[in-house]
Amino acid sequence: MSSVSAEIPAHAKAVLAEVAPANLPRPELIGHRRDFAWITDKVCSIVEAKTPTWWWVAFSLACFVATFTVVGLVYLVSTGVGVWGHANPVNWAWDIVNFVFWIGIGHAGTLISAILCLFRQKWRTSINRAAEAMTIFAVVCAGLFPLFHVGRVWWAWWLFPLPNANAIWPQFRSPLLWDVFAVSTYATVSALFWYMGMIPDLATLRDRATSKIKQIAYGLFAMGWRGSNRHWQNYEMAYLLLAALSTPLVLSVHTIVSFDFAVSLLPGWHTTIFPPYFVAGAIFSGFGMVLTLMLPLRAIYKLDDLITQYHIDCMCKITLATGSIVGYAYAMEFFIAWYGANPYEGFAFINRAFGPYAWAYWIMISCNVITPQLFWFRKVRANTTLVWILSIFVNVGMWFERFVIIVTSLARDFLPSSWGYYSPSVVELFTFFGTFGVFSVLFLLFLRFLPLMAMAEIKAVSPQADPHAGHGDDHASAPDTLAAHH
Amino acid sequence: MSEHIHGYLAAFDSPADIMHAAERVRDAGFQRWDVHTPFPVHGMDSAMGLKRSRVQRFTLLGGIAGFTTGMLMIWYMNAADYPLVVGGKPFFSPMFAFPVSYELTILLASFGTLFGMFFFNRLPMHYHPVLKAVQWPRATDDRFFLAIDADDPKFDLVRTRTFLREIGGKDIAALEP
């Protein structure tokens, strides 16, 4: 501490002595002061070790579940879109619910990789790679639904501005078309960001490869990366720029998804609160999924030193914050429905809470409003099993949120004569169920072949990476104080 | 003599060591040299005397290209080539064209950034002499390396080796071209 106090001027010292600031310990990002080689070994061993038995079991199960989607879609295409439970007045149902659900999940990955990067949240380094993988695989699952909902999937390319036999172009005033651009841009940019972040770690795997095939495969994608500082300089700039580009992108994607509803005239959809409300909900659901995925992986691969209690606390707190925004939005929707004095709008919300879909509404409220509030308690956050169970509730709740918004609004709109009640068909049910298999297959493959954690980034935020550390023993005696870090 | 080797590679054990060594190499006036580290070492850019990265130029170009493409494409498709009447509204307005142009701005700016990074780094480059060094694998793991190229005007087969040892370099090896 001597070197630190030497820089403080005398008058400030007097103030400090009077105030006696608390010595706030900065939480450790890496447990047990693990060194660089340990981090490399730990992360690489996940890929390099012999395929564990549980992986084969999980992979087989995931493949089996994924066949439900495959069979469901083949049946749909060969028979017609009528095999889904859609009928007037509910022509958007599970397909769009599932689309919004999956795309929302992806948002946490981008939040972690981009927004937390801009906010210099160093804890993101342990989870960003897996969360970004989750984003891409979730977008894959999301994309399936609108793609097949068009009915004749072989004409889905008409969504893109390509010359076709009708000599007519897409209608660019439609939010549905904006959505095509938003989601495809999101998928592409997320993949670019994910890949670029992986280049240094692929080089590590290349340099550790024990067989020629692995060396060539990893080497090919590592692009000949050699950790040159002249490269790191451009790389870090590119990383920062991609984070700065992904931030407005991720906010725009769910904003545009919400435009699909908000730009219509339907009571319950036609509200200006939708964009921020959808974005918060997306991040909320995404963090639910990140916790659902990372906590078991932490236990299986014994990653406690890389995903510490501090990381779990941070994730729980973001879930709490976004969950509270979502709860506030629910309340505000009701308030505006009353304050706006539009009888149709008022009815739409009373109908949500007390109409035929009240069961879905109250599942949504209990999962999304009550569950996250438990994260206020340190004891809850410290109980990993409980956090995992609560994260499942978040996932369920957010699926029901989309169901409530989409289906209840459509089922009872302006004219009571055209009211209806929608129930999914078994084909829809299986198709959605199968997407969890599709997601798991992709995630398990990622786990097996690619570095689960951003090794280079974790090393860069570890205490021993600071070139100014070790200039004297004073740092070693008080390494965790805020004063020593600044 | 110096044509027979690509240069020298010296190892260092900590970020602080390599940083001090880099400062010495910079001050000695070498130009064709580099530092290889498993992660970006904070402050190394100024220790090496590097100028600011130029990747953002490609980002800007990509962004401008994306926005222009979006606006022109939508104007051409919905107002020029096949004017589309929707609700009696104007055939073109930057308002409805904005969301798609915005997404294209981000899309092309991101491609610009990635390819800009590759361009300025001269990557992919799957062959490089340092990758063949015996001690290399630890450069992407836990060790820090400094390489001085033989084609540097100040390079000398004997003196550069001594210099690397003086600044704390370990396991100094000559790199085959």
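So you know, we letter chains A, B, ... as the sequences are listed, proteins then strands, and number each from 1.
Proximity to chain A involves both the backbone and the side chain of B/Met125, based on heavy atoms less than 4.5 angstrom apart. B/Arg143 does not touch chain A: none of its heavy atoms, backbone or side chain, sits under 4.5 Å away. Proximity to chain A is absent for every atom of B/Phe145, based on heavy atoms less than 4.5 angstrom apart. Looking at B/Val35, both its backbone and its side chain come within 4.5 Å of chain A, counting heavy atoms on both sides. For a residue to count as touching a neighbouring chain, one of its non-hydrogen atoms must lie under 4.5 Å from one of that chain's; by this rule B/Leu107 touches chain A with backbone and side chain alike. For B/Trp33, the parts lying under 4.5 angstrom from a heavy atom of chain A are both the backbone and the side chain. For chain A, no part of B/Ala139 is nearby; none of its heavy atoms comes within less than 4.5 Å. The contact between A/Ile199 and chain B is made entirely by side chain atoms (from C-beta outward), counting heavy-atom distances below 4.5 Å. At a 4.5 Å heavy-atom cutoff, the contact between A/Ile256 and chain B is made by side-chain atoms alone. Using a 4.5 Å cut-off between heavy atoms, B/Asp141 contacts chain A through both its backbone and its side chain. Contacts between A/Pro248 and chain B at a heavy-atom distance below 4.5 Å involve backbone atoms as well as side-chain atoms. Both the backbone and the side chain of A/Gln171 come within contact range of chain B, judged by heavy atoms closer than 4.5 Å. Only the side chain of B/Phe144 comes within less than 4.5 Å of a heavy atom in chain A; its backbone stays farther off. For B/His128, the part lying near chain A is the side chain, with the backbone staying farther off; criterion is any non-hydrogen pair under 4.5 Å. Proximity to chain A is absent for every atom of B/Met95, based on heavy atoms less than 4.5 angstrom apart. Residue contact with chain B, scored on non-hydrogen atoms closer than 4.5 Å, is absent for A/Phe259. Only the side chain of B/Thr59 comes within contact range of chain A, with at least one heavy atom under 4.5 Å from a heavy atom of that chain. If you measure heavy-atom distances from B/Phe118 to chain A, the contacts under 4.5 Å come from the side chain alone. For B/Met44, the parts sitting under 4.5 Å from any heavy atom of chain A are the backbone and the side chain alike.
Taking the ring centroids of A/Phe193 and A/Tyr239, they lie under the 6.0 Å cut-off. In summary, the aromatic rings of B/Phe30 and B/Phe163 are positioned with their centroids under 6.0 Å apart. Aromatic pair B/His42/A/His468: centroids not less than 6.0 angstrom apart. In summary, the aromatic rings of B/Phe91 and B/Phe96 are positioned with their centroids too far apart to meet the 6.0 Å limit.
Using bins of under 30°, 30° to 60° and over 60° for the plane-to-plane angle, the ring pair A/His254/A/Phe278 lands in the tilted bin. Taking the six-membered ring where tryptophan is involved, the planes of A/Tyr235 and A/Trp225 are tilted, since the angle between them lies from 30° to 60°. Between B/Phe120 and B/Phe58, the ring planes are perpendicular. Angles over 60° get that label, and only those under 30° would be called parallel. The aromatic rings of B/Phe98 and B/Phe67 lie perpendicular to each other, with more than 60° between the two planes, well past the 30° mark.
Here the shortest heavy-atom pairing between B/Asp17 and B/Asp13 reads OD2-N, 4.1 Å. Residues B/Thr160 and B/Ile148 come closest through the heavy atom pair CG2-CD1, 3.9 Å. In plain terms, the two heavy atoms of A/Ile30 and A/Arg34 that are nearest each other are CG2-CB, 3.8 Å.
Heavy-atom pairs under 4.5 Å with chain B peak, among A/Asn234, A/Asp207, A/Leu205, A/Val189, at A/Asn234. The candidate from A/Cys44, A/Pro200, A/Pro161 with the greatest count of non-hydrogen atom pairs under 4.5 Å with chain B is A/Pro161. With respect to chain B, the highest number of heavy-atom pairs below 4.5 Å among A/Gly224, A/Ala203, A/Gly227 belongs to A/Gly227. If you tally non-hydrogen atom pairs under 4.5 Å between each of B/Leu114, B/Ile74, B/Leu84 and chain A, the highest count goes to B/Ile74. Counting heavy-atom pairs closer than 4.5 Å to chain B, the top-ranked of the candidates A/Ile458, A/Ile39, A/Asn229 is A/Asn229. Interface summary for chain A: among B/Pro137, B/Pro124, B/Ser110, B/Pro40, the most heavy-atom pairs under 4.5 angstrom belong to B/Pro40. Contacts with chain A were tallied for B/Thr105, B/Asp34, B/Thr37, B/Val55; B/Asp34 has the most, counting heavy-atom pairs under 4.5 Å. For the set A/Gln233, A/Met237, A/Lys459, the count of heavy-atom pairs under 4.5 angstrom toward chain B peaks at A/Gln233.
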Margin query: Could you go through A/Arg124 and A/Glu457, starting from their C-alpha distance and side-chain angles, then the distance that decides it, and tell me whether this counts as salt bridge (charged side-chain N to carboxylate O under 4.0 Å, His left out)?
Written below: CA-CA 9 Å; A/Arg124 63 182 272 286; A/Glu457 288 184 55; 3.1 Å; yes
Note to self: Checking A/Arg129 against A/Asp201 for the salt bridge (charged side-chain N to carboxylate O under 4.0 Å, His left out) test, could you report, in this order, the C-alpha distance in whole Å, the side-chain angles of both residues, the deciding distance, and whether it holds?
What the structure shows: CA-CA 11 Å; A/Arg129 175 71 44 74; A/Asp201 294 345; 3.1 Å; yes
Notebook entry, point to check: Step by step, would you call A/Val43 with A/Leu306 a side-chain contact (heavy atoms from CB on, under 4.5 Å)?
Noted result: CA-CA 10 Å; A/Val43 178; A/Leu306 295 174; 4.2 Å; yes
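Atom CE of A/Met223 sits about 7.0 Å away from atom CG of A/Leu220, to the nearest 0.5 Å.
Distance alone, capped at 3.5 Å, places no donor-acceptor pair between the A/Arg226 side chain and the B/His36 backbone.
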